[in-house]
Amino acid sequence: MLFQTWIFLPFFLVAYAVYLALKRTRFGNLWILIASYVFYGWFHPLFLLLIAYSTTIDYFLTALMAKSRRPRLWLTLSIVNSLGLLSFFKYGNFITLKLNDLLLALGGSHIIEMPGLLFPVGISFYLFKSIGYVIDCYRGEVEREKNFIRHAVFVSFFPILVMGPIERAQNLFRQLRDTPRITAPDVADGLSLFLVGLFKKLALADYLGLYVDKIYDAPADHQAPALMLATFAFTWQIYFDFGGYTDMARGLARMMGFRIMLNFHHPYLADGLGDFWRRWHISLSSWFRDYLYIPLGGNRKGNFATYRNLFLTMLLSGLWHAGLGHGATLTFVVWGVVHGLGLMLTRKLERSPFYRDKIPRIIKQMAVFIFVAFAWIFFRAAGLDDAGLIIARIFSAGWADPQFPLLMVFLIFALWLYQFAVESRIRRFVNIAPVRVGAVVFMILYLTLFASSGVRSFIYMQF
Amino acid sequence: MPHSSHEIRLSPREWIITLVIIAGLFYLIPVGWQRLESLETNPDYRIPYELSSDYWLFSRYCRSVCAADKMPVIGDSVIWGQYVKPDQTLTHYLNELAGADLYANLGVDGTHPMVLAGLIEYYGKAIKDKDVILHLNLLWMTSPRADLQIEKEFAFNHPRLAPQFIPPIPCYTASVSEKIGIIMERRVPFFSWLNHLHRAYYDNQNLQNWTLENPYACPFAPVTFELIPPGGRERQKPIPWTEKTAAPQAFPWVEPDTSLQWQAFLRLVKTLQKRNNRLFIIVGPFNEHMLDDQSRKTYTAIKNKVETCLQEKNLPCYLPPPLPPSLYADASHPLPAGYAQLAHQLFELLNR
């Protein structure tokens, strides 16, 4: 069940109305759990077995960890279990494919059957959330949740189940334990977030996706301008797609009285690659920072270790994106490597007084934007061959009319200006009530009049 | 830390103002549109074939017909006139015989009873307190597929008019979300107007898709407020069926007792009666000449059952005898002379 589909409307109205009636009773969390399982089971009922299994295992392993004198054993078991599940579903087909290639290369004739797995949407997001919780318990940073229902709601809370944000245990459990107080401003803020997210998804991401698909599906048929524009269009598409989902998720949670962490903060205004990763997919970046980069030593063990840790973190981030469902998984690894190298090469530069003080911010922002857009080529291309072809054609192919719709240019330009405006001194002019009401009326009318009626799923749902 | 990236926040009071503005616009836009976009209906007007799925236009045309106090003639492409020009349809000949513009062609291509019931229920609300001629084409009972009984999904005509949940249609497997969207379109005139906008001006695409094909055109340029004219040509060449195929056909007919289409037709009758309309039903004339002996026997039995059922419900009906073979274009569509002949029979009966 996707937020932007009609079925979600009656689902949420019923779930919300009952929740409002029950939230002060001991059945409030139970109701969220039921709603979350209905929401998730709508994708495929079998997915429920997996999430129930993962929830139960981690519940008991954290209990054992709390009582045991060897908590590390239970921590390891939990992490192995979660990563094993993730690997099995994400990489099962990929590994089989590569093994078959290897067998054939070695002259073998036996072909291993492809597992043909049904990929459980959102598995990475809830497993990462769960891993974070188990590690926090182990570290003593968060108290073990003894109430099974509350623990299950933490794992499966439906607004953030499928694509995050990967909320931290401390924040979500605190809110699950207190009775949420829902005020009119909460509902208004939630609605605002949801509408902006819906606009980002349907009016922007899906629209840009039409052009991106057209060009990236046949890169050899297009010249440099079209390939460049499609790359920039994808740069915005993926942000609006993922950011749109996050806004909707946070909006729904807010209407239910929950405050979920920010996941995007104007990432394309970043003036350095480090800054970009502090603004992009914040919940995952900070997850990698807290549970991988820092345990590896972070930047405390000298330059070599710092660079190694940066690179490893980005490589693993690339590997996380790789996996089942996208045949050419290596493109995601390359994308991670490109970012890893970028972070390594610019780390010193970004900290230098020259870069900080002498180079105009707009130039730095443009440079980061272009680098990030370049890296997205690997993320979006159907394979490494296609990525190579696109890059080669951008720099060598002739010039031809890219047939890029003017309406897209207008929308992108308007949003580019808007993001500058909200971070600048003219924010107060943008922020006056008639402008905001006018903008919301425009968004609603645009969505109904112009936006696509077809349903494109979210890019990050495949991860 | 901001509320979100690219944030816009409204207070509860501002949300109320916004929703009032949106509700007003949703109401006013379709109403205002009718003033800007002229619907010129001459006596032989029929919904342009290209706009067969533009139900907002149909509902507008219904209102215009009823306001002019004409008698709506409702049915599928047999009434619309698949193989004939607008001035060769059944309603044209009826008007000619009446010597006045009394009958209106409300036929829509492809509207089998299952969807015709939806068309009238949701978009034909203006038809009330009227004398109505309703056509039943038994073609839709010639096979389990035509009757929509088969389990295998296939694309039948006008799914947006079909019952979405109850009664279930075995071959209709749209997602629940799509079905809810369709129900919204039926209930909220703004959404059916939106569909009109896409169909009438944007080649049946939404605007975003349209801009991909016309990247440098102004997105509002196609909106000329001028509807596609009905066109003076036949939809298909008027060639007698005898010149196309002569082999007798054996149809796997569906009995009325088990027919989904027949049940739908009865629902349609009930809807029209509830609106205080006086109905006159024409069944056929089906092209019996193309049937083999067994199939003709079954057809006759079905026709008799249908007639009995209609009589039991005190519904005036007419089951015309088959037209001469050369006056049919296919299994159910007459050619111009066929319509003229049928109109004569019908007019005589209506004025008896």
Side-chain angles (χ1 to χ4, degrees), chain A residues 1-2 5-10 184-185 187-189 191-193 195-197 200 203 206-207 210-211 214 239-240 243 246-247 250-251 262-267 279 401-408 415 418-419 422 431 433 436-437 439-441 443-445 448-455, chain B residues 1-26 29 160 164 174-185 188 190-191 193-195 197-198 201-202 204-221 223:
Chain A
M1 196 187 297
L2 300 170
T5 56
W6 280 110
I7 183 65
F8 184 75
L9 184 66
V187 178
D189 280 351
L191 274 175
S192 306
L193 272 168
L195 178 74
V196 170
K200 284 179 183 171
D206 287 359
Y207 183 32
L210 295 173
Y211 186 77
K214 184 176 128 185
Y239 162 57
F240 289 131
T246 303
D247 285 348
R250 294 178 69 231
L262 193 69
N263 217 13
F264 293 89
H265 178 208
H266 298 301
R279 291 166 174 263
D401 181 358
Q403 300 277 307
F404 192 75
L406 286 176
L407 182 63
M408 276 188 195
L415 285 152
Y418 183 76
Q419 67 174 5
V422 293
N431 216 8
R436 282 182 287 113
V437 170
V440 170
V441 169
M443 285 195 289
I444 296 174
L445 282 182
T448 49
L449 287 170
F450 303 136
S452 166
S453 51
V455 177
Chain B
M1 194 57 92
H3 181 55
S4 79
S5 210
H6 281 101
E7 69 175 10
I8 292 178
R9 278 170 102 165
L10 296 189
S11 66
R13 194 166 147 261
E14 287 161 356
W15 262 114
I16 292 169
I17 294 168
T18 303
L19 292 176
V20 169
I21 294 172
I22 289 294
L25 289 172
F26 270 33
I29 289 175
R160 283 161 46 237
Q164 297 301 308
S175 70
V176 177
S177 267
E178 280 175 77
K179 290 178 174 184
I180 295 174
I182 289 167
I183 291 169
M184 291 293 284
E185 185 187 322
V188 184
F190 181 84
F191 291 124
W193 166 78
L194 201 59
N195 179 45
L197 188 73
H198 293 154
Y201 300 106
Y202 291 99
N204 201 13
Q205 304 179 78
N206 68 44
L207 187 130
Q208 294 189 336
N209 285 315
W210 183 87
T211 62
L212 273 198
E213 287 174 17
N214 306 274
Y216 306 131
C218 169
F220 302 107
V223 184

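These values consider heavy atoms only, across backbone and side chains, with no hydrogens, waters or symmetry-generated copies. Owing to the predicted nature of the structure, the values given are computational and were not obtained by experimental measurement. Labels below follow one simple rule: chain letters A, B, ... track the order of the sequence lines, proteins then strands, and each chain is numbered from 1.
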Counting heavy-atom pairs closer than 4.5 Å to chain B, which one of L445(A), L407(A), N431(A), V437(A) comes out on top? V437(A)
Measure [X] against the heavy atoms of chain A and call it side chain, backbone, both or neither at under 4.5 Å.
X       : answer
L25(B)  : side chain
Y202(B) : neither
W193(B) : side chain
I21(B)  : side chain
L212(B) : both
T211(B) : both

Got a second to check how far [X]'s [atom1] is from [Y]'s [atom2], nearest 0.5 Å?
X       : Y       : atom1 : atom2 : answer
Q403(A) : N214(B) : CD    : CG    : 9.5 Å
H198(B) : N204(B) : NE2   : CG    : 9.0 Å
D247(A) : N263(A) : CG    : CG    : 9.5 Å
W6(A)   : M1(A)   : CH2   : CE    : 15.0 Å

For [X], is it the side chain, the backbone, both, or neither that has a heavy atom closer than 4.5 Å to a heavy atom of chain B?
X       : result
P402(A) : both
V187(A) : neither
L9(A)   : neither
F404(A) : backbone

In terms of heavy-atom pairs under 4.5 Å, which option from V176(B), L19(B), I183(B) contacts chain A the most? V176(B)
[X] and [Y]: which non-hydrogen atoms are nearest, and at how many Å?
X       : Y       : value
W15(B)  : A188(A) : NE1-O, 3.0 Å
Q205(B) : W210(B) : OE1-N, 4.0 Å
E185(B) : R160(B) : OE2-NH2, 2.5 Å

Any non-hydrogen side-chain atom of M408(A) less than 4.5 Å from a side-chain atom of Y207(A)? yes
